[in-house]
Protein chains: 2
Amino acid sequence: MAMIGSRAPRPRRKRPDRYHHGDLRRALVQEAVRTIQRHGVEGLTLRAVGQALGVSRTALYRHFADKSALLAAVAREGFRTLRLELVDAWERGGRGPEAFDAMSVAYVRFAVTHPSHYRVMFGGFVDARAADPDLREEAGAAFHVLVDALVAQQQNGLVRGDEPSQLARFIWAIVHGVAMLAIDGQLQRQDADAEDLIRYAADRIRSGIGIPGH
Amino acid sequence: MAMIGSRAPRPRRKRPDRYHHGDLRRALVQEAVRTIQRHGVEGLTLRAVGQALGVSRTALYRHFADKSALLAAVAREGFRTLRLELVDAWERGGRGPEAFDAMSVAYVRFAVTHPSHYRVMFGGFVDARAADPDLREEAGAAFHVLVDALVAQQQNGLVRGDEPSQLARFIWAIVHGVAMLAIDGQLQRQDADAEDLIRYAADRIRSGIGIPGH
DNA sequence: ACCTGAACACCGTTCAAGT
DNA sequence: ACCTGAACACCGTTCAAGT
């Protein structure tokens, strides 16, 4: 019936007639990320991923329970990248108030630059409540960068002394909201308006969470 | 090959051997909404929708170009309901500052109560940039309820005189962010924590957008 | 106009079999 | 251990044909 792979000379990345050599698991995640960035989440098929790697379409099941497990790995990879970019923005910005703004910008930029990847992380494809521990930990680590930055600001007397997690959830909701609106096309010019909005938001946040009369 | 529908006595809602009577289009949207609320977006199949209505699985194509057009209609219905609930909160709250908080709570409650419906509205299933005019208009109308409320607050001298649309986008991003975090399971106890967070956010927003020294 | 039924070109997943 | 290929039970969509 299906003639996939039996038709004509099709392009191969690796040697066509050998088992996959090294770390297939990693290769699968990378290929999935690439496919998602190009064709969106709904454009991801396990068959195409296997084919791109020169591997049977069921080879994947040696490494992942099912498609949603592969998506969970993609999400985890996304949280890792996001965390690294947040840390980078915080440290390059000098760990002060401007660094805090830079983190917000970096967050939204990550989402706008990798919209489909971002959707896998937050679009309900994986349920955070039921997610595997690795994913939860990676998501938690990204969140913690924000909490740490807030605590530092509190210690410098720049931010009111509310419970840091609650404060962090509030900030997170804002940057997350801006990011979602941007990639959903609810803002007119995706990149520019998102940048405007997040900078405006940063100003408003500062009045909202700062020490009164400071 | 496929034996769907040719097997045994299956339950029907309407008379089994007649054309669908009235407004099939409306019935399709309603059934889609119901299915989505019960089984999520990924659980929606055109075949099941048709079957539930006692209609062929291709009858739908008389009223919608394809599945995504049906989803757009579902999204539109969602924006309509959301708008009505926002207006209700604003008016029942007395159109003052407390009414403004009530709107935020109503927004998040809508999302938490109808998570799948909310995802259809914002989850990338329909592209807002390319959406049909009806959908864009309905979404715009919901947004405008917020803008109007902000302008009223500005006229009462309770909110700083920034450009109302920008101010509204900022608020929208916050409530949208809280709503998304809640239905994504990123908050521990979905309902209670979302309620807490949105009330905390309302306090912080008030300091952030209020007139300084007022 | 509106609906039907068969057919088409896809999916994810399972499983016995190969190396 | 790791991979394959056929098979299964689904999808959305098209289209000639019916009323």
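In the text below, chain A, chain B and the rest are named by the order of the sequence lines, each starting its count at 1.
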Pairing partner of D:dC3, by Watson-Crick or G-U wobble and under 3.5 Å for both distances, is none
Report the distance from atom CG of B:Leu44 to atom C1' of D:dT13, rounded to the nearest whole Å.
15 Å
Establish, for the pair A:Arg83 and A:Phe79, whether the NZ or CZ atom is under 6.0 angstrom from the six-membered ring centre and no further than 45 degrees off its axis.
no
Take the protein atom CG of B:Asp23 and the nucleotide atom P of C:dA1, then report the distance between them rounded to whole Å.
18 Å
Less than 4.0 angstrom from a charged side-chain N to a carboxylate O is my criterion; do B:Arg25 and B:Asp23 meet it?
no
Hey, are A:Asp162 and B:Arg204 close enough for a salt bridge, meaning a charged N less than 4.0 Å from a carboxylate O?
yes
Upstream residue (5' side of DNA chain C) when A:Ala65 and B:Ser56 are each assigned their closest nucleotide:
B:Ser56
Can you identify which nucleotide, out of D:dG12, D:dC3, C:dC3, has its nearest atom closest to the B:Arg62 side chain?
C:dC3
Could you tell me whether the side chain of A:Thr58 has a donor or acceptor atom within less than 3.5 Å of a complementary atom in the base of C:dG12?
no
Nearest-nucleotide pick for A:Asp66, side chain only, options being C:dT4, D:dC3, C:dT13
C:dT13
In whole Å, I'd like the distance from the CZ atom of A:Arg57 to the P atom of C:dG12.
10 Å
Closest heavy-atom contact between B:Ala32 and B:Leu70?
CB-CD2, 4.1 Å
May I ask you to verify whether the side chain of A:Thr45 and the base of C:dG12 hold a donor-acceptor pair under 3.5 Å?
no
Could you let me know what C:dA17 is paired to, Watson-Crick or G-U wobble, both distances under 3.5 Å, or none if it's on its own?
none
Stepwise salt bridge (charged side-chain N to carboxylate O under 4.0 Å, His left out) check, B:Asp148 with B:Arg95
CA-CA 10 Å; B:Asp148 287 346; B:Arg95 302 164 191 254; over 6 Å; no
In whole angstrom, what separates A:Arg25's CZ from D:dC2's C1'?
15 Å
Value in whole Å for how far the C1' atom of C:dG5 lies from OH of B:Tyr61
14 Å
Can you tell me whether the side chain of A:Arg47 and the base of C:dG12 have a donor-acceptor pair closer than 3.5 Å?
yes
Only pairs with both distances under 3.5 Å count, Watson-Crick or wobble alike; so what is the partner of D:dC8 in this structure?
C:dG12
To the side chain of B:Leu46, which of C:dC3, D:dT4, D:dT13 is closest?
D:dT13
Could you give the CD-to-C1' distance, from A:Gln51 to C:dG12, as a whole number of Å?
16 Å
What's B:Leu60 touching, base or sugar-phosphate or nothing? Going by heavy atoms closer than 4.0 Å.
nothing
Expressed in angstrom and rounded to an integer, what is the separation of A:Phe125 atom CZ from C:dG12 atom P?
14 Å
Mind calculating the distance between CZ (B:Phe64) and P (D:dT13) to the nearest angstrom?
13 Å
Go through D:dG12, D:dC3, C:dG5 for me and flag the one nearest to the A:His63 side chain.
D:dC3
